[in-house]
Every structure is written in structure tokens, then in C-alpha cells.
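The next block holds one structure in the form of C-alpha cells; read it before the comments.
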Amino acid sequence: MVYNHVCLESLAYTLPEEIVSSDELECRLEPLYSRLRLPMGRLELMTGIRERRFWKPGTMPSEISVVSARRALEAAEIDRHEIGALIHGSVCRDFLEPATSCGVHHRLELPRGCATYDVSNACLGVLNGMVQVANMIELGQIRAGLVVGTEGSRELIATTIEMLNANQSLTRESVKPAMASLTIGSASAAALLVHRDLSRTGNRLLSATIRCNSAGHELCHSGRDEAAVGGMKPTMQTDAETLMHEGVAIGRETFDHFLTELGWSISDINKTACHQVGAPQRKLMLETFGINPAIDFITFPWLGNTGAAAMPTTLAVGIERGHYQSSDRVALLGIGSGINVLMLALELNKLAVAGGAIE
């Protein structure tokens, strides 16, 4: 998909105040670590993640999504009545129904003619939402659209620690599928896209390239969706090693198509942002794609894997810190469980970002 009329007008992000270190999680896992004689420090050593953040107990995703979305709107200085679509794209949501986007739409006081719905696609939901909004803009259906998502990790990590300490049958081998859950962090991000005639920034969205290898759909999955029964405790099982290699393989195939579609070579890419999984995944991905790590930007060491919020948050923080600059051609390289791959090309001009900790 190639775009001629779409601009990424603004980005926003929101972070929790509560910081939880990997060392702290391992202290909570002392019964498991003692029984299996696991060395302290292995979680950070294996993943490169030293800390992640938690929202306050009981926080609903829509509460924070409203904050991020407002920040994106204010950064863009756009009339809310121009918003023709609102998509909530995170894994976490308030309820099975209605769509979490409905509560966000109401609190933002967006127009009734605004298409409002959720998109769920593991760590790619926000990026998928951006593509859907971009398509609507390119087709002339809307002039502007907002994509937002908020991920939380407190409940998942608490359930995982409880399970790991209680299960006396676990071995060093059988414990591995649960360990990836301890890397998950909390964050929220929003992206506002507009028709180029409406844009004040001129940050062009140039293309989107999608590939899927659904043979890997069982490599990373949550527990069954049992929310209707009540008392659901989230869990995850991940074959991290296989998922890493299979994800990078389909990622490389996608990257080749991405460059061909744009007519680019690797040297035409000034900066990159990858989905924030951890150090081994990033290293293998960049090496396989032939990308210099110096042009990449990371947030996983201090935020962990923040799911669908990871990519836009990383881009926004990188802009704030001066890594991404005006005139940069940026490749957003997303690989999510399923296995799905989505890559976006941006040409930056004027950078509009708002974000920080929850107020």
C-alpha cells in the first residue's frame, strides 16, 4: 500500500508512575528460584529489560487512552469535529463489549459521524489501526482519524508469579513458556493521521507492507477468553525461541517487499523503530535485515514489552530525545504473534509530540 495524501500529524504517549524492576520480580519469585536453583539477575540478563511500569490497581484502559488521545489532539491543534474515525488498538480493553473505543469517543466528545471501533491484533493493533485510518483518508472517506491503545501488565505479571510459585512440578525447561510474561510493561500511545491538505506538520506516511505466517499462531497465546465466567486471571504461554526465529524469518521476507514497494535500498532508511520485545530479538532482527543498530531506538530496557503501545511510544520518545529528526526517512518494523508483520514508512518534517507520566 502506497499513500499520497496521508500525514502522521501528531503522536502522544502516557506512562505509569510506578516502576517495578526485574530484580523486584525475581525477589517475588524466590520460592521458584530457590527450588530450581535459578540465579538472581537472569531475567534482565536474558532480556535486557531492567524495569517495567504498572498502572494503579483497577485502572481501566479507556481511562488512560483518553489522556493519550487528548494529548495527540492538543499537539496537533486540530478541530475535533474533523475526526472521522477513532480506533482503539490495544490488547487490553475494558470489556468484551461494547468496544473500548466507545467510552473514549464519549469522553473526547468526538462527532457522531466518527466511525468508532476496536482492533485486536496482539502487538500490532495500533499499527493496524493506523493503516485502516490511512486507507480511509487516501480513499477520501475521512479527513482525519485517531488511533489509541493502552496496555497494562500488573494483572498478568501477578498471575504469572502466583502460578510459577505454586506449581511444584515445574522444571527449568517447563518454566520457560511463562517467563516471557514477566517482560510485559504498561504504556499508552495515540497517533493522529490527517489528509495532507489538513496537515500543519507534513510528516508523510509513505507506505504499509503486510505479511502473515499463520503456521506460527500457537507460538504465543493467552489463556482462553473466559471473561464471561468472571474472575479471569490472565496468563500467557510463549515459545520465545521459536517465535523469535520464525518472526524474524517472515520479517525478512516482509522487509524485502517493503523496500521494493518504496523503491528504496537500506541506505535510504535514516532511522528505524522496531517492536520492543527484548535484546535477543532486536539483535537477531537487525543483523538479519542488515540494519545498523545505531539508527535504531529502544525503550524496552526501561519500559519492557508494552504490546501495541510499544511502537508509537518508542517513536514519540525517540523524537523527544532527538534521535528522530526532521527530514528523516523512518521505517517502523512491527512483528507480532500470530505471526503477523506490518512495516510502515514515514518521511518526517515537523515533529509534534506530547507525553509523559500520568498526571
Side-chain angles (χ1 to χ4, degrees), residues 1-11 123-124 126-128 130-135 137-138 147 189 191-196 199-213 247-277 281-300 310-336 339-353:
M1 292 168 278
V2 175
Y3 302 108
N4 295 306
H5 303 292
V6 183
C7 290
L8 176 60
E9 191 68 0
S10 66
L11 287 167
C123 295
L124 297 183
V126 170
L127 291 187
N128 282 123
M130 291 172 64
V131 169
Q132 291 185 7
V133 166
N135 291 344
I137 293 172
E138 191 76 9
V147 187
L192 177 64
L193 296 98
V194 304
H195 192 282
R196 63 187 305 178
S199 177
R200 294 187 177 100
T201 65
N203 300 315
R204 290 281 311 285
L205 177 62
L206 302 176
S207 74
T209 304
I210 297 172
R211 288 293 183 277
C212 173
N213 177 15
V248 169
I250 185 66
R252 177 55 200 257
E253 177 185 322
T254 311
F255 188 60
D256 290 342
H257 284 278
F258 172 78
L259 293 176
T260 299
E261 193 166 39
L262 286 162
W264 285 5
S265 65
I266 291 180
S267 61
D268 291 315
I269 299 174
N270 304 118
K271 303 287 169 57
T272 62
C274 307
H275 176 54
Q276 303 294 296
V277 182
Q281 291 82 359
R282 174 180 184 258
K283 182 175 185 294
L284 179 63
M285 181 176 178
L286 296 182
E287 287 178 350
T288 302
F289 291 10
I291 294 172
N292 182 353
I295 71 171
D296 193 47
F297 186 80
I298 57 174
T299 55
F300 66 79
M311 182 78 75
T313 298
T314 298
L315 181 59
V317 173
I319 289 172
E320 282 188 331
R321 298 189 179 183
H323 179 79
Y324 305 104
Q325 299 180 350
S326 178
S327 78
D328 274 346
R329 287 180 167 181
V330 182
L332 307 183
L333 309 175
I335 302 176
I339 302 170
N340 286 299
V341 182
L342 175 53
M343 299 182 177
L344 305 181
L346 294 172
E347 188 173 74
L348 297 181
N349 182 37
K350 182 180 178 182
L351 311 175
V353 172

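Keep in mind that what you see is a predicted model, and the values were worked out from it rather than measured.
For the residue pair Ser199 and Glu9, the shortest heavy atom distance occurs at OG-OE1, 2.5 Å. Here the closest non-hydrogen pair linking Ala189 and Thr313 is CB-OG1, 3.4 Å. Ala134 and Leu205 get closest at one heavy-atom pair: CB-CD2, 3.6 Å. Taking both residues in full, the closest heavy atoms of Ile137 and His5 are given as CG2-O, 3.8 Å, listed atom of the first, atom of the second, then distance. Contact detail for Asp268 and Gly263: the closest heavy-atom pair is OD2-O, 4.4 Å. The minimum heavy-atom distance linking Pro293 with Leu286 is given by the pair CA-CD1, 3.8 Å.
Checked against salt bridge (charged side-chain N to carboxylate O under 4.0 Å, His left out), Arg252 has the following partners two or more places apart in sequence or in another chain: Asp256. Residues forming a side-chain hydrogen bond (donor to acceptor under 3.5 Å, both in side chains) with Glu261 (at least two apart in sequence, or on another chain): Thr209. In terms of the side-chain hydrogen bond (donor to acceptor under 3.5 Å, both in side chains) criterion, Glu138 has no residue partners (sequence neighbours excluded). Applying the salt bridge (charged side-chain N to carboxylate O under 4.0 Å, His left out) criterion to Glu320, with sequence neighbours excluded, gives no partner residue. Phe289 pairs by the ring-ring contact (aromatic ring centres under 6.0 Å, His included) definition with Phe255, not counting sequence neighbours.
When side chains are defined from C-beta on, Phe297 counts as touching Thr314, because their heavy atoms get closer than 4.5 Å. Contact check for His323 versus Asp328: no side-chain heavy atoms found under the 4.5 Å cut-off. In this structure, Asn270 and Ser327 have side chains that are not in contact, with every pair of non-hydrogen atoms separated by 4.5 Å or more.
Between the CG atom of Leu333 and the CD1 atom of Ile269 there is a distance of 6.5 Å, given to the nearest 0.5 Å. Atom SG of residue Cys274 and atom CD1 of residue Ile335 lie 8.0 Å apart, to the nearest 0.5 angstrom. With values rounded to the nearest 0.5 angstrom, Gln276 atom CD is found 11.0 Å from Gln281 atom CD. The line from NZ of Lys271 to CD1 of Ile319 is 10.5 Å long, rounded to the nearest 0.5 Å. Within the model, atoms CG of Leu193 and CG of Asn135 stand 10.5 Å from one another, a figure rounded to the nearest 0.5 Å. Atoms CE and CG, on Met130 and Leu192 in that order, are 10.0 Å from each other to the nearest 0.5 Å.
Within the 3.5 Å criterion, the main-chain N or O of Arg196 finds no donor-acceptor partner in the side chain of Arg204. Under a 3.5 Å cut-off, the side chain of Asn213 and the backbone N or O of Ile339 do not form any donor-acceptor pair. With hydrogens and angles ignored, the 3.5 Å screen pairs a side-chain donor or acceptor of Asn292 with a backbone N or O of Ala294. Remark: the backbone N or O of Arg329 is not paired with any side-chain donor or acceptor of Tyr324 at under 3.5 angstrom.
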Side chain to side chain contact (heavy atoms under 4.5 Å, CB included) between Leu124 and His275: does it pass, once the steps are laid out? CA-CA 9 Å; Leu124 297 183; His275 176 54; 5.8 Å; no

Side-chain donor-acceptor pairs under 3.5 Å in residues 340-353, sequence neighbours left out?
{"from": "Asn340", "atom 1": "ND2", "to": "Asn121", "atom 2": "OD1", "distance (Å)": "3.1"}
{"from": "Asn349", "atom 1": "ND2", "to": "Thr201", "atom 2": "O", "distance (Å)": "2.7"}

